[in-house]
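Side chains are part of it too, since the values below use all heavy atoms of this structure and drop only hydrogens, waters and symmetry mates. None of the values given here were measured: they were computed from a predicted structure. We name chains A, B, ... by the order of the sequence lines, and we start the count at 1 in each one.
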Amino acid sequence: MDPQVFFPAVKTEVVEIAQRNKALGYRFAQMHCVKTPSEMFIIYTFEKQDLSIEQYRIPAETDGAVPSVSGVFLAAVLYENEISELYGVEFTGMAIDFGGTLYETAKPRAFAEVAAPVKKTPVKQAAVAE
Amino acid sequence: MDVTAATVIGILIYLAAAPVVGGLLAGADRVVSARMQGRYGPPLLQPFYDVLKLWQKENIVVNRQQKVYILGFFVFVVIAGCILFGGGDLLLAVFALTLASVFLIVAAYSTFSPYAHIGAEREMIQMVSYEPMVILTVVGMYMATGSFSSVDIARHDGMLFLHLPFIFLGFLFILTIKFRKSPFDISMSHHAHQEIVRGLTTEFSGRDLALIEIAHWYENVFLLGMVYLFFAPVPVVAVIVTLAAYFLEVFIDNNNARLKWQHALASSWAVTLVLGVSNVVLLAFR
Amino acid sequence: MGERTIIPFGPQHPVLPEPLHLDLILEDEKVVGAVPSIGFIHRGLEKLVEKRDFQEMAFVIERICGICSFIHGQGYVQTIEAVMGVEIPERAKYLRSFWGELSRVHSHLLWLGLMADAFGFESLFMHCWRVREKVLDIFEETTGGRVIFSVCKVGGLWKNVDDDTLRRIGGVLKDVEKDIRPLTDVFMRDYTVQKRCVGLGVLTKDEAFQLGAVGPMLRASGVAMDARKLGYAAYGDMEFEPVTENAGDCQARIAVRAREIYQSLDIIRQCIEKMPGGEVAVPVKGSPQGEYLSRLEQPRGEAVYYGKGNGTKYLDRFRVRTPTFANLIPLLHIIPGCDLADVPLLALTIDPCISCTER
């Protein structure tokens with residue numbers, strides 16, 4: 001399985017990281033945002049043709065601004081729109097800006113509110129069928 | 001055209017029998033297609049059930065003008081058939097059918113749907129594709145028999161097919177377009193799984209759609225009547241060839257993808273020029 | 001220059017398997033631009049991690065999509081097993097590969113049928129789906145479900161399949177292969193199919209790689225990337241190479257998926273031959289703590305699964321990056337310049353699974 005290394009970085013470095021990886025032959029694989037009660041960060045994944053990946057963890061906050069990498073990798077545009085719509089992170093300089101209409105959820109920034117876990121009785125796990 | 005008793009009887013038989021025959025042929029088409037596709041398929045009388053159901057549906061139209069045009073389409077298809085089966089001028093019958101198609105196109109344009117408009121555009125291109133061949137067929141029959149009258153053509157000595165073999169083949173080719181079968185079901189596929197939804201008839205519903213369906217039955221009987229004319233002196237052979245031609249179209253439909261209008265236009269004109277013109281030239285030098 | 005009209009394509013459209021909306025800007029019948037809209041089927045499933053414990057969440061992730069359902073479930077449990085450091089038995093790995101490859105066969109058959117429907121070849125569509133029924137019958141026999149199997153769990157599998165059944169299934173699959181041959185022959189050689197598909201929607205090798213295309217979309221342009229080569233589940237023991245073509249057009253993508261069906265049937269045969277004995281599950285104690293990102297090869301391309309646990313039985317985050325999400329930008333790249341008649345072909349050529357895209 002892949003070694004799981006998430007290089008820490010800050011948001012001002014993202015464009016430079018993207019350009020450096022592009023020069024090394026990586027392409028943009030995906031990015032996503034994680035928000036827990038204690039922290040919030042964005043993970044960028046870059047992928048090479050031999051299936052190796054490099055990942056970066058960027059701290060972020062709702063209503064904070066992060067420079068967009070869609071100038072380097074057009075493919076990033078959908079992911080950035082998704083994160084900005086669901087988590088409220090603003091990406092400056094997106095190549096295509098859906099303006100919050102990508103999913104048009106009834107409640108804006110639906111994923112930005114992290115609920116405390118629901119207390120309920122544990123599920124009885126069925127025995128393994130033979 | 002002398003209106004004799006035979007004319008009137010011919011017209012009456014056509015008016016009464018054509019929808020029944022057309023509907024049964026449509027039903028047979030669906031059953032045979034289903035079996036070719038490995039399915040069970042609908043009952044043979046399904047087209048009749050469909051038309052009856054459509055007749056009972058509520059008519060939801062945005063624009064009432066389309067009813068007039070659809071009625072025009074229906075009336076002129078029936079008139080074209082009456083002229084053919086009543087012993088009238090074949091060229092007039094063909095042009096009556098063309099007029100009917102124009103009515104259908106105008107009906108599609110009168111709706112506000114972009115799908116219907118594009119369907120209408122494609123239908124016009126289809127007409128440009130098949131009209132030359134149809135007219136050459138009638139011209140060929142005239143050159144072989146000396147008359148445009150369908151009665152005279154039917155009573156001609158010897159099978160017309162022997163004088164017009166290439167024209168017959170060309171006519172079979174464009175029959176695929178007229179019957180709206182793949183590869184040329186471009187403007188209005190029976191299966192609705194194409195990019196312009198239902199194409200020409202997207203906005204039609206209820207009784208209008210039922211009327212269009214019945215008009216298609218009349219039209220199919222007309223077209224098969226023209227195939228019959230090639231073999232008229234020997235009725236048994238004629239009936240067999242006519243039915244075989246119909247099921248050949250069903251077979252072709254099930255074995256081809258749908259082509260684009262550019263292919264339909266180019267191939268029809270190529271066939272018309274090669275088969276149709278060569279046959280006419282041969283007849284001229286006979 | 002002709003008059004410009006805007007034709008709405010979708011979300012309800014007979015040719016689309018799932019709701020996708022494209023506003024096509026047409027000049028006569030040529031498409032000069034497309035404005036996409038998604039979001040008709042966004043259910044926010046990823047947020048359910050807050051309410052379902054990590055074993056139950058597998059059932060939610062399976063239901064992201066009906067076609068890719070098994071591999072979503074597999075991706076989820078694989079990720080959580082990696083987070084928790086759980087090592088599952090060999091037989092479970094092999095059975096997961098077995099079902100995964102059967103999923104690939106059924107998905108590609110479904111797609112071939114839809115593609116035939118898009119270019120108006122209804123009888124080919126019906127035959128492809130008729131053959132697919134045999135594969136679905138195998139699923140029902142081994143897992144109890146035709147579409148959603150609910151057979152993967154953290155720690156292994158809920159169900160086992162005995163060796164006699166597997167051998168019999170191997171025989172059934174030989175018949176399935178014989179049935180599929182004439183169908184793929186039509187796809188690759190029929191005159192009208194080629195007239196519609198050759199030269200359509202060309203994506204060059206560079207474009208495909210840079211724009212983020214995955215799966216057959218990428219491999220048909222000559223880039224040999226297949227996430228199964230990472231060696232997860234039993235793929236490390238299987239012999240196969242990524243199927244590639246070079247033309248990068250619709251016909252090449254049809255060819256890649258058709259050849260992948262045969263490759264999958266071959267991998268299944270290898271699985272059945274090499275299937276180890278033993279249990280299919282290990283008990284799992286405790287809760288996930290830590291994060292992990294894994295990649296699996298869905299029929300539509302590479303899917304990325306990220307899981308983060310915080311020591312309680314509810315995960316912090318589970319993220320699925322589905323292949324169609326990555327293929328949407330290449331789709332928007334190949335649409336301008338085609339005819340209206342080609343739009344359904346292009347929309348289907350990426351193998352769209354919009355329920356996966358939107359989750």
S.K.: For Asp162(C), is it the side chain, the backbone, both, or neither that has a heavy atom closer than 4.5 Å to a heavy atom of chain A?
M.R.: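 Contact with chain A: none, neither part.
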S.K.: Rounded to the nearest 0.5 Å, how far apart are CD1 of Ile329(C) and OG of Ser70(A)?
M.R.: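 Between Ile329(C) CD1 and Ser70(A) OG, I get 9.5 Å after rounding to 0.5 Å.
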S.K.: Could you give the distance from OH (Tyr305(C)) to CD (Gln30(A)), rounded to the nearest 0.5 Å?
M.R.: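 One finds 12.0 Å between OH of Tyr305(C) and CD of Gln30(A).
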S.K.: Between Arg321(C) and Tyr79(A), is there a donor-acceptor pair closer than 3.5 Å when you use the side chain of the first and the backbone of the second?
M.R.: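 Checked: no pair found.
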S.K.: I need the Lys308(C) NZ to Phe41(A) CZ distance, nearest 0.5 Å.
M.R.: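 One gets 5.0 Å once the value is rounded to the nearest 0.5 Å.
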S.K.: Less than 4.5 Å to any heavy atom of chain A: does that hold for the side chain of Thr79(C), its backbone, both, or neither?
M.R.: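 Contact with chain A involves no heavy atom of Thr79(C) at all.
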S.K.: For Thr45(A), which atoms come within 4.5 Å of any heavy atom of chain C: side chain, backbone, both, or neither?
M.R.: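 For Thr45(A), the contact with chain C is made by the side chain alone.
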S.K.: For the candidates Gly236(C), Pro283(C), Ala213(C), Pro330(C), which exhibits the highest count of non-hydrogen atom pairs separated by less than 4.5 Å from chain A?
M.R.: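 It is Ala213(C).
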S.K.: With only heavy atoms counted, which part of Glu39(A) is less than 4.5 Å from chain C, the side chain, the backbone, both or neither?
M.R.: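 Side chain only.
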S.K.: At a heavy-atom separation under 4.5 Å, does Glu82(A) approach chain C through its side chain, its backbone, both, or neither?
M.R.: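 Just its side chain gets close to chain C.
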S.K.: Counting N and O atoms only, with roles assigned by atom type, does the side chain of Arg317(C) sit under 3.5 Å from a partner on the main chain of Cys33(A), one being a donor and the other an acceptor?
M.R.: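 Yes, the answer is positive, given that a donor and an acceptor are paired below the 3.5 Å cut-off.
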S.K.: Between Leu218(C) and chain A, which part of the residue has a heavy atom less than 4.5 Å away: side chain, backbone, both or neither?
M.R.: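 Only the side chain of Leu218(C) comes within 4.5 Å of chain A.
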S.K.: For Arg27(A) and Gln210(C), indicate whether the former's side chain and the latter's backbone hold a donor-acceptor pair under 3.5 Å.
M.R.: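 Looks like no, no N/O pair under 3.5 Å.
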S.K.: How about Glu87(C): does its CD atom have over 12 heavy atoms from other parts shown lying under 6.0 Å from it?
M.R.: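 Not buried by this count: 12 neighbours or fewer within 6.0 Å.
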S.K.: Counting heavy-atom pairs under 4.5 Å to chain C, which of Phe73(A), Phe28(A), Tyr87(A) comes out on top?
M.R.: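 Top count of heavy-atom pairs under 4.5 Å with chain C: Tyr87(A).
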S.K.: Is any side-chain heavy atom of Glu291(C) closer than 4.5 Å to one of Ile43(A)?
M.R.: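 They are in side-chain contact.
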S.K.: Please report the interatomic distance OG1(Thr357(C)) to CG(Leu78(A)), rounded to the nearest 0.5 Å.
M.R.: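 Atom-to-atom, Thr357(C):OG1 and Leu78(A):CG are 9.5 Å apart.
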S.K.: Parallel under 30°, tilted from 30 to 60°, perpendicular over 60°: which one fits the rings of Tyr306(C) and Phe6(A)?
M.R.: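 Aromatic pair Tyr306(C)/Phe6(A) classed perpendicular.
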S.K.: Side-chain contact test, heavy atoms from C-beta onward, threshold under 4.5 Å: evaluate it for Arg295(C) versus Leu51(A) and give yes or no.
M.R.: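 Arg295(C) reaches Leu51(A) side chain to side chain.
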